[in-house]
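Working notes for the structure below.
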Amino acid sequence: MNKLNVLLVAVVMVFATGFANAQKLAYVDVNSIFTAMPEMKALDQQLQTLQTSKQSELEKQGKSLQDMMAKYQKEAATQTQAINEQRSQEVQKLQDNLQQLYAAAQKDIAEKRDAGLAPIEKKINDAITKVSKAAGYEYVFDASSPALVYKAGTDATPAVKKELGL
């Protein structure tokens with residue numbers, strides 16, 4: 001019985017080793033490809049410009065609100081209760097509006113980023129697919145992924161960069 005178990009384990013190991021060797025594995029550092037692409041650099045510049053524009057607009061409106069609040073506080077002692085309440089509501093409305101503008105600016109930047117990333121991701125994925133088919137890779141892993149524990153396979157990053165002309 002003991003010899004049968006040893007023989008069975010040996011047969012399973014031979015098949016497992018043969019199966020593992022039959023599969024061609026590779027990894028790609030997608031982050032390095034993203035950072036090397038001119039499209040990504042252009043997108044980053046566009047997003048930075050948009051963010052700066054939105055930030056200066058928000059700062060301008062925030063300064064205007066602060067000036068108004070300072071004026072209203074200074075004049076509060078000389079105004080009636082009704083006028084002070086009206087001004088308080090006006091300030092609250094302007095603060096709410098400013099918060100909505102901030103949220104809209106963040107949403108706009110995120111949408112522009114997502115829209116700009118989609119064609120870049122497609123281009124990279126198409127290049128990875130083409131390189132993988134040409135080299136006969138069965139599996140390609142993203143080396144920048146935290147799920148990757150071991151990477152001793154073939155690095156397909158140079159071939160993908162070459163395919164993209166980088």
Please say which of Q100, K93, Q92 ends up in a side chain to side chain donor-acceptor pair (under 3.5 Å) with D96. Q92

Could you tell me if the side chain of T35 sits less than 4.5 Å from the side chain of M40, heavy atoms only? no

State, to 0.1 Å, how close [X] and [Y] come at their nearest heavy-atom pair, and which atoms those are.
X: Q61; Y: L98; result: CB-CD1, 3.8 Å
X: M37; Y: L164; result: SD-CD1, 4.2 Å
X: A36; Y: L166; result: O-CD2, 3.7 Å
X: V160; Y: I33; result: CG1-CD1, 3.6 Å

Distance from [X] atom [atom1] to [Y] atom [atom2], nearest 0.5 Å?
X: R113; Y: D108; atom1: CZ; atom2: CG; answer: 14.0 Å
X: E138; Y: S132; atom1: CD; atom2: OG; answer: 11.0 Å
X: M69; Y: Q66; atom1: CE; atom2: CD; answer: 7.5 Å
X: Q95; Y: L65; atom1: CD; atom2: CG; answer: 5.5 Å
X: Q55; Y: Y102; atom1: CD; atom2: OH; answer: 9.0 Å
X: Q51; Y: S56; atom1: CD; atom2: OG; answer: 11.0 Å

So, [X] side chain and [Y] main chain: donor-acceptor pair closer than 3.5 Å or not?
X: N84; Y: A76; answer: yes
X: K24; Y: A135; answer: yes
X: T157; Y: V28; answer: no

Say whether Q81 and E85, considering side chains only, have a donor N or O and an acceptor N or O under 3.5 Å apart. yes

Answer with yes or no whether the side chains of Y72 and Q79 bring together a donor and an acceptor at under 3.5 Å.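 No, no side-chain donor-acceptor contact under 3.5 Å.
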
Go through the steps to decide whether M68 and L94 satisfy the test side chain to side chain contact (heavy atoms under 4.5 Å, CB included), and finish with yes or no. CA-CA 10 Å; M68 179 186 292; L94 290 173; 3.5 Å; yes

Before you tell me yes or no, could you show the steps for Y139 and F141 under side chain to side chain contact (heavy atoms under 4.5 Å, CB included), namely the whole-Å CA-CA distance, both residues' side-chain angles and the distance that decides it to 0.1 Å? CA-CA 7 Å; Y139 300 98; F141 298 96; 4.0 Å; yes

Sequence neighbours excluded, which residues qualify as side-chain hydrogen bond (donor to acceptor under 3.5 Å, both in side chains) partners of E75? R87

With sequence neighbours excluded, residues passing side-chain hydrogen bond (donor to acceptor under 3.5 Å, both in side chains) with Q89: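 Listed in chain order: nothing, the list is empty.
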
Do L58 and I109 sit in the same hydrophobic cluster, where Ile, Leu, Val, Met, Phe, Trp and Tyr count as joined when their side-chain heavy atoms come under 4.5 Å apart? no

Do L25 and V30 sit in one hydrophobic cluster, given that two such residues count as connected whenever their side-chain heavy atoms are within less than 4.5 Å of each other, even indirectly? no

Side chain to side chain donor-acceptor pair (under 3.5 Å) assessment of D44 paired with Q48: CA-CA 6 Å; D44 284 341; Q48 184 64 35; over 6 Å; no

Would you mind writing out the side-chain donor-acceptor pairs for residues 123-131 within the sub-3.5 Å range, not counting sequence neighbours?
| from | atom 1 | to | atom 2 | distance (Å) |
| --- | --- | --- | --- | --- |
| K123 | NZ | E39 | OE2 | 2.6 |
| N125 | ND2 | E121 | O | 3.4 |
| D126 | OD2 | K122 | NZ | 2.8 |
| T129 | OG1 | N125 | O | 2.9 |
| K130 | NZ | E163 | OE2 | 3.2 |

Show the numbers, then the answer: is there a side chain to side chain contact (heavy atoms under 4.5 Å, CB included) between D142 and Y27? CA-CA 6 Å; D142 182 0; Y27 65 91; over 6 Å; no

Side chain to side chain donor-acceptor pair (under 3.5 Å) evaluation trace for E90 with Q86: CA-CA 6 Å; E90 182 181 346; Q86 180 184 359; 5.6 Å; no

